[in-house]
Amino acid sequence: MAELRGPIVDVGETRSVSTQYGERDLAEVTLRPERGQAEPVTLTLWGKWSETAEYTQTGMEVLALGVEREEFRGEIQYATAGDSRIVIEPDYLVNVTDVRSWVQCPRMHYLNTLSGVPLNYPVVKGTVVHEVFSDLLRGGEVEAAIDDRVAEVGLDLGLLDRDADEVRKDVSDHARAIDGWLSQGTLEGGDEWRSEQTLISERYGLKGRADAVRRGAPVELKTGKNTNSEPRFQDKVQVACYALLLDERGEPPDTGTLLYTKNAALDRNEESGDLSPAKDFSLNEGLLDYVLRERNHLAAMAVAGEIPTGYEANATCNYCFEQDTCMVVSGRLDQESKAGRIGEAIPEEERNYFERFYRAIEAERGAVHDEYAKLWTQTATERADADRALIDLEPVGKKEVDGRWELRARCSDPVSKIREGDVVLASDGHPVRGNAEMARVVSMGEEIVVTADEPVELRRLDVYPSEIGADRMLTALHDALLAGDEDQKDVLIDRRDPVFRDVEETFIDNNPAQDRAVRRAVGADDCALIHGPPGTGKTYTIARTVRALVERGERVLLSAFTNRAVDNALDALRDQGYDEFVRVGTEHGVREDIQEYRLESRGDPDERAAELREASVVAATTASCGSRIMREGSFDVAVIDEASQLTEPATLAAVALADRFVLVGDHQQLPPVVQSADAAGTVETTEHGDDSADDGTTGATTATDGSGVVASGTANGTSRTAGDVADLSRSLFERLIETHPEAAVLLDTQYRMAQRIQAFSSNEFYDGRLRPASPDIAAQHVADLPEVTSDALPDRLQERVSFVDPDGTARGNTNPAEVTAVAEIVEAYAAAGVAREDIGVIAPFRAQAAAIRRELPAVTVDTVDRFQGSAKEVIVVSFVATGDLDSPIFEDFRRVNVALTRAKKALVLVGDRDALATDERYARMVEWAE
DNA sequence: ACTCTGCAAAGAGGA
């Protein structure tokens with residue numbers, strides 16, 4: 001038996017042949033193995049595996065397990081045998097629950113990801129019952145668990161107008177079934193349990209979280225009823241997926257259990273059929289192979305960027321709950337659909353908009369999947385070097401706190417992308433092959449502290465990629481275009497110009513530009529844009545705008561990309577004497593002094609729902625705007641900060657909740673972070689090598705109308721043309737300010753920088769329109785700081801702007817000579833009396849920032865990107881590069897605008913003069929600074 | 001070649 005892996009170079013037709021076993025289907029695929037001979041080899045797919053050929057395309061990766069190797073006329077050939085398994089695109093990690101819904105109906109699966117599952121009672125109740133189940137497995141007491149878990153979803157229940165007592169009664173029926181079944185197990189001599197196990201399979205390309213594993217066999221809880229003797233098919237499919245995941249660990253279970261908790265609550269007199277809640281069934285090879293083939297089909301279509309029609313499965317549309325939605329969406333988007341279409345299609349320009357962004361979002365999802373694959377394609381050391389993991393941790397303790405586990409470990413060099421509050425994979429050595437659990441980072445100090453549902457020997461932490469960004473962008477695109485207001489769409493699609501009313505009132509006395517901005521926002525019938533360069537009082541203007549809107553009786557949604565910006569805006573609002581707002585967000589996302597305004601989900605349903613419904617200002621990140629809770633709401637105006645850092649679909653998450661919107665940002669500072677930037681933004685013209693399987697297929701299959709057959713074997717692997725895919729790195733703010741400059745107001749008065757410091761930025765980025773707010777601000781100097789004696793500084797540092805070339809050499813992304821020079825400069829300022837907290841150090845690379853940070857305790861040292869939005873009296877910038885500026889980090893000159901505009905009184909640029917001179921923009925900067 | 005903030009995920013229903 002052999003194992004074979006590589007990209008497919010040719011897919012043959014499926015045909016039928018007669019064999020000694022009767023008529024059998026077969027299909028031949030040709031692939032180029034990764035190892036061994038370089039020549040392509042033929043793999044014959046027999047029987048059911050031949051179906052694979054129907055949806056598999058050239059360029060896709062195939063993994064053939066347990067295939068037979070034979071020599072035929074001097075040529076080596078492979079063929080599937082009795083226990084062979086074929087995996088298509090094994091590096092594409094598919095969710096177990098997605099396989100479940102795919103098996104029900106591929107079209108339903110598509111609709112779920114497109115529109116998201118809205119807030120509804122069965123789902124909330126299901127979640128509660130699952131949590132109670134989990135509590136009971138951990139030894140909790142039934143009544144306490146029910147009370148606690150029902151209270152936890154108070155907000156959801158309130159929004160659904162449900163009464164807590166009735167829900168408790170409802171849940172306790174289910175809980176009794178679980179409890180009864182569990183005690184049965186105990187009577188039989190005790191079970192070995194593992195609850196909520198996170199499982200990832202690199203071999204089958206699957207991931208999921210099993211409700212429970214009992215004696216090595218998967219147990220899945222369902223809160224629906226099932227009075228048939230057999231479990232529901234899609235439920236078995238889900239359990240079979242968990243079995244595949246366990247199988248990879250070398251312990252294939254032979255039975256699975258489905259626990260239908262509603263059965264126990266049914267009236268035995270009225271219901272007929274099998275009312276026992278627990279149904280065991282055997283996990284035979286046939287089922288596992290079937291599940292894998294469905295997973296393959298899903299992965300192949302996802303990688304090819306194809307949209308399911310429903311014909312891929314034999315589901316019956318008549319019985320489907322989603323039939324109406326399915327027909328409406330198919331009709332509106334003019335998509336082929338098994339259920340058929342009703343209604344009229346949205347106009348062509350809207351469909352184009354939808355399709356362009358759909359593809360861009362899916363490309364972004366693809367980039368997330370590439371990150372998943374790195375969990376096993378990179379070695380521990382490679383991941384640590386790429387800052388994606390902390391390895392070789394030394395576990396120092398674990399204890400149970402409030403039903404969760406607190407895990408501690410020591411780390412000799414805690415430099416990585418992982419930060420406090422992040423969701424990570426905690427493992428005992430390997431995130432996939434070892435024992436791993438999802439965990440939340442609590443602190444990254446002397447000791448690393450994380451919390452998880454299950455205790456894990458904490459030896460390694462890995463960045464855990466999340467598709468939530470792509471998910472939220474997609475539902476926002478759906479909401480804005482398919483459920484959105486026609487009037488708003490006219491402006492978004494650019495069918496008409498935005499309309500403004502004149503507003504006479506004065507809102508801000510001493511700053512005409514800010515006042516104009518508020519009047520523009522208040523008088524906007526559709527949208528307004530506030531362009532705020534560094535230090536121009538954006539946050540103040542936002543707060544004043546929100547107040548002005550509230551005074552007019554409007555309900556306002558206040559949003560931004562980051563939690564920090566949302567909280568800053570609320571802080572400013574509070575400073576202006578207004579605090580009738582509600583903050584929606586996770587506990588760890590919201591700043592400490594804003595926690596008191598945070599909407600708790602726990603509590604009395606009516607009270608919680610009223611808090612949200614009655615607030616005239618609700619504040620949340622755009623990601624939260626796409627949450628189930630927020631999507632229930634509606635607003636008159638959305639005011640969105642950091643809009644130039646948001647992708648267009650991310651902006652839509654907030655925009656779609658309101659009639660009008662105000663975007664605040666600065667497109668001359670950093671654009672949105674897009675992982676798939678190369679694929680979605682600039683069109684690549686470079687030749688692709690053997691590793692271009694993903695790019696080739698996604699790129700080529702751009703047509704979604706059925707005509708999109710992959711152009712196999714094209715010279716460079718992609719047939720994408722410019723403009724075909726929407727650019728996620730261009731914000732809605734930037735697009736609108738270019739098409740509708742009349743909607744924008746530039747805040748031209750800055751309160752931050754000395755004239756000398758602001759000059760370069762003003763000329764390079766703002767047509768020289770930026771001006772200091774007062775002579776004092778223009779003339780400020782480091783000697784103005786209390787305790788500072790200017791004479792104590794070296795001559796050079798007495799200048800407001802200076803340039804230092806320490807003549808160093810870059811080593812990777814660090815420059816040791818610059819580390820030393822920066823430390824000396826900072827110490828010189830400190831020695832002259834500048835408080836350490838008034839000094840900031842900025843570097844382009846995380847590695848350099850970390851190296852400087854080690855030398856300079858109590859000084860803020862960070863990357864440019866993370867410094868955006870804040871300022872210091874004194875700023876030292878380390879450019880790192882020597883030789884040339886070839887790293888992509890130097891490409892976007894807007895990053896320099898951010899770095900140079902953080903300083904109030906003194907700015908020191910540290911870099912290699914010659915390297916910087918290789919780019920004319922950087923050369924101008926050096927000339928200005930010297 | 002780089003930068004990196006959001007987010008747990010799975011959770012239901014019926015002929």
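Just so it is clear, the structure is predicted and the values come from calculations on it, not from any experiment.
Inter-residue side-chain proximity for A:His174 and A:Lys125 is flagged as met; some heavy-atom pair is nearer than 4.5 Å. You'll find the side chain of A:Val864 stays beyond 4.5 Å of the side chain of A:Val877, heavy atoms only. Under the 4.5 Å side-chain criterion, counting only non-hydrogen atoms from C-beta, A:Arg853 is in contact with A:Asp862.
Contacts of residues 886-894 of chain A with DNA chain B (heavy atom under 4.0 Å): A:Asp886, A:Ser887, A:Pro888, A:Ile889.
Here OG1 of A:Thr882 is found 10.0 Å from CG of A:Leu916. Values are rounded to the nearest 0.5 Å. Here A:Gln104 contributes atom CD and A:Glu322 contributes atom CD; the two are 9.0 Å apart, rounded to the nearest 0.5 Å. A:Lys279 NZ to A:Thr257 OG1: the interatomic distance, rounded to the nearest 0.5 Å, is 12.0 Å. One distance of note links CG of A:Leu461 with NZ of A:Lys417; it measures 15.5 Å at 0.5 Å rounding.
Summarising the local packing, CZ of A:Arg419 is surrounded by more than 12 heavy atoms from other residues, nucleotides or ligands at distances under 6.0 Å.
Between A:Arg866 and B:dT3 there is no side-chain polar atom (N or O) within less than 4.0 angstrom of OP1 or OP2. OP1 or OP2 of B:dC4 has at least one side-chain nitrogen or oxygen of A:Thr863 nearer than 4.0 Å. Listed pair A:Asn563 / B:dT5 fails the phosphate criterion, with no side-chain N or O lying under 4.0 Å from OP1 or OP2.
Classification of A:Glu382 and A:Lys374 as a salt-bridged pair fails, no side-chain N sitting under 4.0 Å from a carboxylate O. Between A:Arg404 and A:Asp453 there is a salt bridge, since a side-chain N of the basic residue sits under 4.0 Å from a carboxylate O of the acidic one. Classification of A:Lys262 and A:Asp173 as a salt-bridged pair fails, no side-chain N sitting under 4.0 Å from a carboxylate O.
Between A:Phe867 atom CZ and B:dT5 atom P there is a gap of 14 Å when expressed in whole angstrom units. Separating the CG atom of A:Asp865 from the C1' atom of B:dG6 is a distance of 16 Å, rounded to the nearest angstrom. Distance A:Ile418 CD1 to B:dG6 C1': 16 Å, rounded to the nearest Å. One can place CZ of A:Phe561 at 11 Å from C1' of B:dC7, the figure rounded to the nearest angstrom. Here the P atom of nucleotide B:dT5 and the CD atom of A:Glu642 are 11 Å apart, to the nearest Å. One atom, CD of A:Glu371, and another, P of B:dT3, lie 13 Å apart when rounded to the nearest Å. One atom, CD of A:Gln868, and another, C1' of B:dC4, lie 12 Å apart when rounded to the nearest Å. The CZ atom of A:Arg419 sits 8 Å away from the C1' atom of B:dC4 (whole-angstrom rounding).
Across all strands shown, A:Asp156 has no heavy atoms under 4.0 Å from either base or sugar-phosphate atoms. Across all strands, A:Ser627 comes closer than 4.0 Å to no nucleic acid atom at all (heavy-atom distances). At a threshold of 4.0 angstrom between heavy atoms, the contacts of A:Tyr121 with the nucleic acid are absent.
Both A:Lys417 and A:Thr586 lie near DNA chain B, and the one whose nearest nucleotide falls closer to the 5' end is A:Lys417.
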Protein-proximity profile, nucleotides 9-15 of chain B, B/S/- by nucleotide at the 4.0 Å heavy-atom cutoff, equals SBBBBBB

According to the Watson-Crick and G-U wobble definition with distances under 3.5 Å, which dot-bracket string, read 5' to 3', encodes DNA chain B, using [ ] for crossing pairs and | for pairs with another strand? ...............

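The base of B:dT3 sits with one of its N or O atoms less than 3.5 Å from a complementary donor or acceptor on the side chain of A:Arg895.
In summary, of the residues considered (A:Asp567, A:Asn568, A:Asn563), a side chain to side chain donor-acceptor pair (under 3.5 Å) with A:Arg591 occurs for A:Asn568 alone.
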